[in-house]
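For ligands, and for the atoms within them, numbers begin at 1 and follow the listed sequence.
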Amino acid sequence: MAEFEIPRSHPRYVSLKLRERLVKGFEDGLVVPQGLIAHGRGEAFDYLLGEKTHEFALKAIEAAVAGLIYYKPRSIISVNGNMAALAPDLLVQLSEALEIPLEVNLFYRTEERVRRIEEHLRAYGAKRVLGSQCRRARLPGLESPRGIVCVDGIYSANFVLVGIEDGDRTEALRKAGKVVAAVDLNPFSRTAQMADITIVDELTRALKEALKMAERLLNTPRSELKEILESYDNRKVLASAFKAILDRLTDAANRGVVIEP
Ligand code: ATP
Ligand code: MG
């Protein structure tokens, strides 16, 4: 692809940069074409949310990071092609900061793509990555190869963070008895509805906040982590996400404009 620098002053700079990363990920064999479509769906919801991290997302991020730490060493960060293309640096930083492994786990699984994503994450400094070399097991409820996971990773984990994930897979993780936190811009999606902790936010924004949260929560006593998890109410968080969209739409419907000329 011809090199084209997006000027920083472009009003959609951040969004265009993310698209560029996905297209590059597609060209490098990390991302599947279906991943490009999934990204477009996410973008549409990000417009409705005003492309910012809301208070309800911060609440969910806090609970997700608390869970990742609380359930150690049985917690894991599941990584797919879109996640690896969009936020390799942030995923690696979070994995290193929390000392929690990343597991490459793909909907459209090929061993070649698993290897490529693993290498990509290692190139960004990942030290704890599971995927191609691990002992394998199958998650019940998903036909092979969608159900393949690592025995010492997702299979035996009690807490799993997923992002940009399909609803069936999230449901299979829940049915396997795991606590699931999911980053998903669409509060209507099956993943958003199925997860125990739903972070309705864009992946890169959410991971940046998760890193800040990690710094704070790593020094928090276990009893407080437990308290964060026990007092967390995902129905309330999802309701707030719908309300944020509703409020924005109501305002737009009343005034007919969302961008002041
Ligand atoms: P579901 O299977 O959960 O009902 P779906 O079929 O609409 O959802 P999938 O392609 O299976 O969608 O999953 C991708 C999900 O990730 C979508 O809900 C989409 O909105 C969301 N998404 C896409 N890009 C991002 C992103 N950058 N950050 C957060 N969420 C995203
Ligand atoms: Mg789906």
Side-chain angles (χ1 to χ4, degrees), residues 12-26 30-54 56-61 63-65 77-91 94 102 104-109 113 117 120 139 141-143 145-147 160-175 178 180-211 234 237-238 240-242 244-245 248:
R12 306 218 42 78
Y13 177 79
V14 176
S15 163
L16 290 175
K17 269 290 175 202
L18 291 184
R19 279 193 180 182
E20 232 177 38
R21 279 186 216 165
L22 269 187
V23 170
K24 175 84 169 47
F26 175 71
L30 310 176
V31 172
V32 286
Q34 292 86 342
L36 302 177
I37 297 169
H39 185 75
R41 177 171 288 170
E43 283 180 336
F45 278 94
D46 213 10
Y47 254 91
L48 295 172
L49 288 161
E51 297 178 304
K52 65 171 189 189
T53 301
H54 290 259
F56 55 78
L58 288 173
K59 268 225 166 84
I61 291 166
V65 174
I77 302 166
S78 178
V79 178
N80 60 26
N82 279 40
M83 289 169 81
L86 287 173
D89 46 349
L90 299 169
L91 288 166
L94 191 65
L102 305 168
V104 180
N105 190 235
L106 306 178
F107 186 99
Y108 299 101
R109 185 185 178 102
R113 197 156 75 93
I117 292 172
H120 181 65
L139 266 191
L142 295 171
E143 81 279 8
R146 282 176 60 208
V160 187
L161 174 68
V162 302
I164 319 181
E165 187 54 276
D166 174 62
D168 280 9
R169 284 156 59 87
T170 306
E171 186 176 9
L173 290 169
R174 282 294 309 273
K175 283 208 171 128
K178 298 164 196 322
V180 178
V183 184
D184 192 327
L185 275 162
N186 175 9
F188 290 94
S189 81
R190 285 170 35 82
T191 287
Q193 291 289 310
M194 287 279 167
D196 298 275
I197 299 169
T198 308
I199 301 166
V200 183
D201 197 11
E202 197 283 316
L203 180 83
T204 60
R205 286 200 310 265
L207 287 175
K208 280 179 198 159
E209 292 299 332
L211 277 168
N234 207 43
V237 164
L238 281 168
S240 302
F242 286 118
I245 291 174
R248 228 172 109 73

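- Contacts between Asp201 and ligand 1 below 4.0 angstrom, taking non-hydrogen atoms only, involve the backbone exclusively.
- Within 6.0 Å of CZ in Arg12 there are more than 12 heavy atoms belonging to other residues, nucleotides or ligands.
- The side-chain contact (heavy atoms from CB on, under 4.5 Å) with Met194 is formed by just one residue from the set Asp168, Asp184, Thr170; it is Thr170.
- Residue Gly167 has at least one N or O atom closer than 3.5 Å to an N or O atom of ligand 1.
- The protein heavy atom nearest to atom 7 (O) of ligand 1 is Arg41 NH1, 2.3 Å.
- Contact annotation: for Glu165 versus ligand 1, heavy atoms closer than 4.0 Å belong to the backbone alone.
- Scanning the protein for heavy atoms near atom 23 (C) of ligand 1, the closest one is Ala38 O, 3.2 Å.
- Inclusion of Asp168 in the set of residues having an N or O under 3.5 Å from an N or O of ligand 1 is not warranted.
- Neighbours of the Mg ion (ligand 2) restricted to protein N, O or S atoms under 2.8 Å: the count is 1.
- Closest of all the heavy-atom pairs between Pro145 and Arg109 is O-CD, 3.6 Å.
- Residue contact check: Thr191 has heavy atoms under 4.0 Å from atoms 3 (O) of ligand 1.
- Close approach of ligand 1 to Asn186 (heavy-atom distance below 4.0 Å) involves ligand atoms 18 (O), 20 (O).
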Mind running side chain to side chain contact (heavy atoms under 4.5 Å, CB included) on Val162 and Lys178 for me, showing each step along the way? CA-CA 12 Å; Val162 302; Lys178 298 164 196 322; over 6 Å; no
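- Residue Leu185 has at least one nitrogen or oxygen atom sitting less than 3.5 Å from a nitrogen or oxygen atom of ligand 1, judged on distance alone.
- A salt bridge links Arg146 with Glu143: the distance from a Lys NZ or Arg NE/NH1/NH2 to an Asp or Glu carboxylate oxygen falls below 4.0 Å.
- In this structure, Phe242 and Phe188 have perpendicular ring planes: the angle between them is above 60°, well past the 30° mark.
- For atom 26 (C) of ligand 1, the closest heavy atom belonging to the protein is Ile164 CD1, 3.7 Å.
- For ligand 1, the polar-atom distance check against Phe45 finds no nitrogen or oxygen pair separated by under 3.5 Å.
- Other residues, nucleotides and ligands contribute at most 12 non-hydrogen atoms within 6.0 Å of the CZ atom of Arg19.
- For Tyr47, the OH atom sits in a loose shell: 12 or fewer heavy atoms of surrounding residues, nucleotides or ligands are nearer than 6.0 Å.
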Please test Thr53 against Lys208 for side chain to side chain contact (heavy atoms under 4.5 Å, CB included), starting from the C-alpha separation and ending with a verdict. CA-CA 10 Å; Thr53 301; Lys208 280 179 198 159; over 6 Å; no
